[in-house]
Q: 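First, the structure itself, so that you have it in front of you.
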Amino acid sequence: MGHIRKIVILGTTGSGKTTFLKNLVEMMGEKFSGAEVKRQVQIEEAQILNTFTSLDDSLFEDSTTTVSMNARDVLFLTTINNQFHFFPLKTTNFPFEKEYLDYLYPTLLVDTAGQERFSFMQEIGLKGSDGVIIFADGTNIQSIERIAHFCNLISAEMKNSSKNIPVAIFINKMDLAKRGLYVGKESIERWFDGINIKVDLFETTNTDMNTFTLPLRLFLNKIEGFPIELKDIIIKRVHEVF
Ligand SMILES: Nc1nc2c(ncn2[C@@H]2O[C@H](COP(=O)(O)OP(=O)(O)OP(=O)(O)O)[C@@H](O)[C@H]2O)c(=O)[nH]1
Ligand SMILES: [Mg+2]
């Protein structure tokens, strides 16, 4: 178990955390069953509060919100010709020989509930984390402003655990740029001067999971103990390492 790193996903409600995890799980060929309930918010109210912008207006009423936490093990890996893949940790059937593998990144991804009434759970989730991904809804200034709060929590956890916790910020929903709703990374970068921990900003969208590939790779490489070099480990099957 010693190799697994805990990655916590924080972000305001509706920023796309669970959609991201669900997409990952489904791309691994597994079923996602999460701790979600239907949103108890009317369309009009959400528009006034500017809670979030939905993937598709017609999907708004079917939208859900997380009420506890979703945790998934994911083994990210790169191959010797620099391809990036991910599998469930326990997988034994890679679509290629293990000689073909290069770096391994076994993780536990923890998706937290973004609503403010669950903020205690965000702090619980942060305990013992090795890396944090903050999702912000790039169409919602309030969501972007909340990043500073999460950074304070992470800063406190770093002091507590006396370790460095890399932070990747995903300014999500860049697909809505074409509708003129998206605040890009450049326009908020300056605003990050006030944050006292080092963060990396990326623009992402759940409508194109490839937008997460490079951000994830850069982020995983910053986590202490990563990458694990396969050639340094003598094993029969990859999953036996963990
Ligand atoms: N346009 C667009 N919509 C998105 C994107 N990602 C998620 N959504 C939509 O945003 C809404 C909320 O997404 P969730 O993934 O449930 O948000 P969450 O961050 O898990 O929210 P909580 O569980 O309440 O903290 C859903 O209607 C999604 O369809 C994206 O990249 N672009
Ligand atoms: Mg959620």
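Residue indices begin at 1 and follow the sequence shown. Indexing begins at 1, ligand by ligand and atom by atom, following the structure's order.
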Q: Can you tell me if N140 and R146 form a side-chain donor-acceptor pair at under 3.5 Å?
A: no
Q: Need the ligand 1 atom indices (1-based, order shown) with element for anything under 4.0 Å from a heavy-atom of T64.
A: 16 (O)
Q: Can you tell me how far CD1 of I171 sits from CD of E189, rounded to the nearest 0.5 angstrom?
A: 9.5 Å
Q: Of the side chain and backbone of T66, name the one, both, or neither that has a heavy atom under 4.0 Å from an atom of ligand 1.
A: both
Q: So, 2.8 Å as the limit: is an N/O/S atom of T19 located closer than that to the Mg ion (ligand 2)?
A: no
Q: Could you grab the distance from atom NZ of K222 to atom CG of L220, nearest 0.5 Å is fine?
A: 12.0 Å
Q: Below 4.0 angstrom from a heavy atom of N172, which ligand 1 atoms are there? Numbered from 1 as shown, please.
A: 5 (C), 6 (N), 30 (C), 31 (O)
Q: Has E224 got more than 12 heavy atoms of other residues, nucleotides or ligands less than 6.0 Å from its CD?
A: no
Q: Taking ring-ring contact (aromatic ring centres under 6.0 Å, His included) as the test, write out the residues that go with F86, two or more places apart.
A: F76
Q: Heavy atom to atom 21 (O) of ligand 1, shortest distance: which of G11, G14, S143, G114 holds it?
A: G14
Q: Should S15 be listed as contacting ligand 1, given a heavy-atom distance under 4.0 Å as the test?
A: yes
Q: Please check: side-chain N/O of K6 versus main-chain N/O of G125, any donor-acceptor pairing under 3.5 Å?
A: yes
Q: Answer with yes or no after comparing the ring centroid distance for F96 and H85 against a 6.0 Å cut-off, counting only values under it.
A: yes
Q: Is there any N or O on G16 that sits under 3.5 Å from an N or O of ligand 1?
A: yes
Q: For D111 and ligand 1, does the shortest N/O to N/O distance drop below 3.5 Å?
A: no
Q: With rounding to the nearest 0.5 Å, note down the distance linking CG in N23 to CZ in F212.
A: 8.0 Å
Q: Among T112, T18, L21, whose heavy atom sits nearest atom 20 (O) of ligand 1?
A: T18
Q: I want to know if ligand 1 touches Q115 in the polar sense, i.e. an N/O pair below 3.5 angstrom.
A: no
Q: Using a strict cut-off of 4.0 Å, indicate which atoms of ligand 1 neighbour a heavy atom of T65.
A: 22 (P), 23 (O), 24 (O)
Q: Which ligand 1 atoms are under 4.0 Å away from a heavy-atom of T19?
A: 7 (C), 13 (O), 14 (P), 15 (O), 28 (C)
Q: Measuring to the Mg ion (ligand 2), does T66 have an N/O/S atom at a distance below 2.8 Å?
A: yes
Q: Enumerate the residue pairs fulfilling salt bridge (charged side-chain N to carboxylate O under 4.0 Å, His left out) with a member in residues 151-161, sequence neighbours excluded, ordered by first and then second residue.
A: K127-E157
Q: Any atoms of ligand 1 less than 4.0 Å from a non-hydrogen atom of L176? List them with their elements.
A: 1 (N)
